[in-house]
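For reference, the structure discussed in these notes is given below.
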Amino acid sequence: MKYRFLFLILTIVSWDTIAQSPGLPFSKFYSSKEYQGGIQNFSITQSISGLIYVANNFGLLEYDGTTWRRYSLPNSTKIRDVQIDERGIIYVAGQGEFGYFKPDDTGYLRYHSLLEKLPESSKNLEEIWKIIFIHDQVIFCTFQEIFVFSNNQELVSIIKGRTDFESFHFTNNKFYTNQSEDGLQVFENDKLLPVPYGEVFGNEIIKSVISLTTNQQLIFTRNNSVFISNSNTINDWEPNIPKNVQINDAIRLKNGNIAIGTQSDGLFILKDDGQLVLKMNKDNGLQNNSILTLFEDMSGNLWIGHNNGITLLELSLPFRLIDQFSGLPGTGYDAILYDNSIFYGTNFGLSVQNSNAENQNPIKKINGGTGQVYQLTQIQDFLLSAQNDGAFVIKNSVAESIENLPGVWNFHTLKDHPNLIISGSYNGLLLFEIKNDEIKFLRKINGFEESSRILEQDFNGDIWMTHGYKGVYRLRINEALDTVESKYYGTESGLPTNLLISVWKINNRLIFSTEYGFYSYNSQEDKFEKDTFFTRYFDYDFLATSMVEDALGNIFFIGDKEVGVLEKQINGTYVKNYQIFNKIIPLLNDDLQNISLIRANEVLFAANDGFIWYKLDNKKTSSSSFPTMIRSVYLTGVSDSLISQGNYWEKDSLQYSQVPMAIPSIPYHLANIRFESSNPIPNNENTTLFQFWLEGFEDGYGDWTLKRDKAYTNLREGEYIFHVRSKNIYDQVSSPDSYAFRILPPWYRSYPAYFIYFSISLILLSFIYKLIDKRFKKKTHQITDAQRKALLQKESALKSSQEEIDRLRNEKLLAEIQSKDKELASATMHLLNKNGFIDHTKTHLNSIIKKSKNQEVKNEIQKVVQSIDKNIAGDKDWEQFEIHFDQVHGDFMSRFKKEYPDLSPQEIKLSAYLRMNLSSKEIAYLMNISTRGIEIARYRLRKKIKLERTDNLQEFILKF
């Protein structure tokens with residue numbers, strides 16, 4: 001542990017001696033054609049959501065990480081400064097105009113002038129150069145006057161100087177201005193007060209004032225004079241920059257460094273002690289040497305406003321590019337730190353850069369060895385280069401060929417032979433020897449002819465060679481070191497495949513990487529088996545194409561899916577750090593990938609253009625995670641119609657997400673909508689991924705895509721919410737944005753239409769009802785008529801039937817009457833016969849009595865006559881007759897008796913016989929009286945029933 005701690009201390013000390021990082025930061029240049037504005041950019045700022053705003057000579061530029069927008073002033077003049085207050089109001093100042101931008105109903109930023117709020121005497125302006133926020137005040141600065149406004153855009157005061165103002169500065173929450181002759185002054189209590197040393201700058205043009213501490217400031221003037229102030233004193237400050245540069249701007253970065261933009265010498269970044277950290281100009285990375293303004297964004301990136309264009313320097317990244325702009329052309333393959341210099345091997349040959357703390361040293365070409373370099377390695381005190389043109393040793397920055405050999409891949413010290421070097425070549429193994437401070441070629445080793453690009457030795461001295469598409473070979477050199485014995489291992493030996501296998505020495509043991517993870521060799525079973533060490537850090541099918549372990553045990557790797565480092569922890573475990581490396585994946589060498597170890601924690605990745613430098617102790621979390629933003633919403637069709645530009649004003653502040661009052665209602669025939677989204681992460685236009693989801697139409701988010709726009713067509717009526725979220729190159733998923741809208745139904749499905757439909761339906765229903773009712777009534781009438789006819793028919797039939805029944809009944813009754821009449825006649829005749837017989841018998845007996853002389857006989861016959869009379873008097877035949885008579889003549893007897901209750905039985909009988917239409921003789925015979933007696937009885941009956949003399953008794957009785 002002592003030695004390790006001592007090693008760490010020495011390593012840290014050695015790092016401190018290297019003040020500068022090799023190479024240049026990642027950068028992106030935006031030309032005036034790209035941002036579609038003027039060439040000059042005077043000021044840059046950033047909103048809380050990450051949007052970049054630039055004061056341009058064509059107006060206000062807005063950058064959302066993907067696209068640029070431009071907003072012009074009414075007079076189409078230059079904008080000199082732009083600042084955003086805490087509410088999101090974008091204040092601008094320009095030529096003869098100043099004011100602010102706020103979004104309108106569609107999100108378009110509309111300009112609102114403050115010029116009209118000035119008194120007439122102050123409206124004739126030329127240039128407004130600077131905008132300063134102090135507490136709740138907004139200050140607009142001109143060379144003649146300073147206008148103080150409240151944050152409600154009301155004029156508070158106007159400050160005039162004794163002479164013209166030269167410049168304006170804000171640092172450590174203080175507002176400074178420099179006046180010609182009077183020098184530097186500070187703004188306090190709405191007044192300008194001189195600072196103790198201010199008169200020194202009466203004839204100077206101050207370009208920047210930077211606070212180092214509460215009481216210490218750096219003051220930069222245009223003519224390269226830099227001063228440091230301490231309370232009441234001021235002294236010269238001599239930064240490590242050329243003496244003749246003209247300074248336009250200077251700012252202090254978040255890491256404490258100071259960035260200086262010059263008129264014609266590009267950019268300088270210094271430490272706070274004045275030591276140079278980075279110098280960039282047109283010769284090494286910048287497109288334009290003229291810098292008008294500098295701005296550090298929330299992610300630590302430096303924005304540079306040029307006299308022609310805009311440059312973004314990604315200073316926050318722990319990477320640096322060592323490419324053609326750094327003086328190293330060509331594709332990088334391998335590099336090494338040797339004798340305090342970094343040697344680079346590219347497809348163009350060898351280059352070297354001296355590494356020290358004082359200067360950013362140039363990269364120089366090494367003479368000799370111009371062919372493609374595969375490996376740079378140090379063996380003992382020799383620096384060897386394995387190249388396409390053979391083997392080279394580098395001495396005094398010159399590459400010397402070691403004999404005329406074919407292409408060489410690598411060099412390795414032969415185990416147990418410290419002065420012998422084994423080398424893999426295009427067609428087998430080569431042997432070199434170190435002797436008399438020289439390296440000499442000994443021989444080609446026989447017995448193996450395969451191209452041997454990747455070699456490693458195990459602790460037994462066996463050499464393992466992996467072939468890109470054949471498999472693995474174990475090589476054993478004989479004691480004479482002139483012949484090699486090889487054994488092949490493929491899938492039959494436990495390897496999952498014969499393709500893309502590489503061997504690396506990690507943790508002092510050999511690890512074999514394959515298309516399906518890592519394997520190690522089991523010498524006891526002479527076969528390969530899955531290595532469990534890496535399973536917790538990589539997927540089962542991870543393919544490593546380059547691996548290297550530094551002195552601290554950190555393992556840097558390049559794979560088919562990710563690039564990164566396994567950082568070794570105190571307890572021996574590892575933490576994988578890979579997200580930050582996603583930035584460099586597209587830049588890596590896609591021929592032979594390689595990681596070159598420079599120092600502990602410091603490596604160079606071989607790139608398509610040079611190398612990418614990385615230092616582990618400089619690693620930072622990925623750039624600030626900005627929210628996803630819906631920047632534009634269009635209704636698409638023959639021509640697109642913009643309905644939202646992503647800016648909203650609510651609760652007296654600027655919002656970048658839709659507010660409830662801004663939910664649009666879209667007509668059905670325009671229900672084709674397209675959304676454009678972005679994430680303000682700079683320089684990630686081609687790497688940011690997006691996911692979309694239209695709630696109300698889709699079930700959830702779709703797949704990640706590089707497309708930042710999403711269109712929907714022919715949406716049905718209803719309420720929808722569009723959601724979008726983004727994922728940056730570091731796999732950070734940003735907070736989503738959403739946009740709600742409603743599609744109105746077509747006119748034929750609208751509420752008025754439904755009302756009309758309802759009304760028409762009612763009318764139709766009424767009409768149909770009436771029609772149906774009419775038809776029903778007609779049908780009912782028809783049915784009724786039919787029923788009536790049927791009923792009439794039935795009634796007729798019934799009547800006929802009834803008549804027939806009546807006829808039959810009458811016939812029956814008539815028959816019955818006739819029968820009764822017959823019975824009555826028969827009974828009457830029987831009575832007549834009976835009475836006649838009795839009467840005849842009585843007469844005959846009376847005659848016998850008269851003729852007989854025998855009294856006894858007469859008495860006896862008299863008894864018989866009396867018996868006959870008695871028999872006729874008590875005869876019940878009349879009662880039977882009466883019953884039959886009433887049945888035949890409709891209860892005539894009962895009705896007649898009821899009508900004439902005073903009639904005697906003989907008169908009743910007479911009436912009955914008259915009813916039977918019998919003659920007087922027949923009646924006399926039936927009643928056993930004389931005809932004369934009948935006439936008398938008839939007379940008496942007429943009187944009792946009170947008949948007129950003219951009335952016929954018999955007719956009356958027949959009709960009764």
Side-chain angles (χ1 to χ4, degrees), residues 20-29 280-287 317 319-339 341-355 360-378 383-401 405-411 425-426 453-454 545-546 548 556 558 563 581 583-598 602-614:
Q20 291 180 325
S21 302
L24 301 170
F26 285 25
S27 64
K28 173 67 183 287
F29 178 73
M280 292 186 68
N281 52 38
K282 197 171 183 179
D283 296 330
N284 67 340
L286 292 184
Q287 298 289 323
L317 293 175
F319 302 107
R320 292 290 183 269
L321 285 173
I322 304 172
D323 56 9
Q324 58 181 329
F325 297 108
S326 302
L328 183 67
T331 299
Y333 281 87
D334 198 13
I336 190 172
L337 178 66
Y338 175 79
D339 194 21
S341 294
I342 299 177
F343 289 81
Y344 304 100
T346 71
N347 62 322
F348 289 168
L350 294 164
S351 299
V352 63
Q353 180 181 31
N354 186 26
S355 181
Q360 194 175 30
N361 296 298
I363 297 175
K364 298 179 180 178
K365 185 72 176 175
I366 292 179
N367 295 326
T370 57
Q372 179 167 319
V373 178
Y374 295 124
Q375 186 200 59
L376 290 168
T377 185
Q378 180 180 355
L383 178 60
L384 302 177
S385 175
Q387 300 181 204
N388 179 64
D389 292 344
F392 292 83
V393 59
I394 302 172
K395 296 181 179 179
N396 299 320
S397 297
V398 176
E400 299 177 356
S401 177
L405 297 172
V408 176
W409 291 110
N410 51 62
F411 298 100
S425 71
Y426 287 178
R453 186 176 71 86
I454 301 178
T545 54
S546 183
V548 65
F556 297 85
I558 298 176
V563 177
F581 294 89
K583 182 73 175 180
I584 68 171
I585 289 178
L587 308 177
L588 297 179
N589 185 332
D590 56 11
D591 176 23
L592 299 176
Q593 295 184 332
N594 185 54
I595 305 172
S596 303
L597 184 62
I598 303 302
E602 188 176 353
V603 295
L604 290 174
F605 292 89
N608 287 327
D609 294 317
F611 293 87
I612 300 172
W613 174 88
Y614 172 75

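Position 1 is the first residue of the sequence; numbering continues from there.
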Polar side-chain atom of [X] near backbone of [Y] as donor-acceptor pair, under 3.5 Å:
X      : Y      : result
Asn589 : Ala606 : no
Asn354 : Asn361 : no
Asn281 : Asp283 : yes
Ser546 : Ile558 : no
Gln375 : Phe411 : yes

In the structure I gave you, are the side-chain heavy atoms of [X] and [Y] within less than 4.5 Å of one another anywhere?
X      : Y      : value
Leu587 : Phe26  : yes
Ile366 : Phe343 : yes
Ile394 : Leu376 : yes
Gln353 : Pro362 : no
Asn347 : Asn388 : no
Ile322 : Ile342 : no
Asp609 : Leu321 : no
Thr331 : Thr346 : no

Taking all non-hydrogen atoms of both residues, which atom of [X] and which atom of [Y] are closest, and how far apart?
X      : Y      : result
Leu405 : Ala391 : CD1-CB, 4.3 Å
Gly23  : Ser326 : CA-OG, 3.8 Å
Arg453 : Asn410 : O-ND2, 2.6 Å
Asn608 : Pro586 : ND2-O, 4.0 Å
Ala335 : Ser596 : N-OG, 2.9 Å

Say you draw a straight line from [atom1] of [X] to [atom2] of [Y]; how long is it, rounded to the nearest 0.5 Å?
X      : Y      : atom1 : atom2 : value
Leu604 : Tyr344 : CG    : OH    : 6.0 Å
Thr545 : Ile595 : OG1   : CD1   : 7.5 Å
Leu384 : Gln378 : CG    : CD    : 9.0 Å
Ser385 : Asp334 : OG    : CG    : 8.5 Å
Lys28  : Gln287 : NZ    : CD    : 11.5 Å
Ser397 : Asn367 : OG    : CG    : 9.0 Å

Between Met280 and Phe325, is a side-chain contact (heavy atoms from CB on, under 4.5 Å) present by the stated rule, with each step listed?
CA-CA 10 Å; Met280 292 186 68; Phe325 297 108; over 6 Å; no

Which word best sums up how the rings of Tyr614 and Phe556 line up, parallel for under 30°, tilted for 30 to 60°, or perpendicular for over 60°?
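Ring orientation, 0 to 90° scale: perpendicular.
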
Before giving the answer on side-chain contact (heavy atoms from CB on, under 4.5 Å), spell out for Val373 and Phe392 the whole-Å C-alpha distance, their side-chain angles and the decisive distance to 0.1 Å.
CA-CA 10 Å; Val373 178; Phe392 292 83; over 6 Å; no

Does the separation of the ring centres of Phe605 and Phe319 fall below 6.0 angstrom?
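Ring centres of Phe319 and Phe605 not closer than 6.0 Å.
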
side-chain contact (heavy atoms from CB on, under 4.5 Å) evaluation trace for Gln593 with Val563
CA-CA 11 Å; Gln593 295 184 332; Val563 177; over 6 Å; no

Step through the shown structure and confirm whether more than 12 heavy atoms of other residues, nucleotides or ligands are within 6.0 Å of NZ on Lys395.
yes

Counting only heavy atoms not in Lys364 (residues, nucleotides, ligands), do more than 12 fall under 6.0 Å from its NZ?
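12 or below, so no.
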
Regarding Tyr374 and Asn594, is there a side-chain donor-to-acceptor distance under 3.5 Å anywhere?
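Side-chain D/A pair, Tyr374 to Asn594: absent.
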
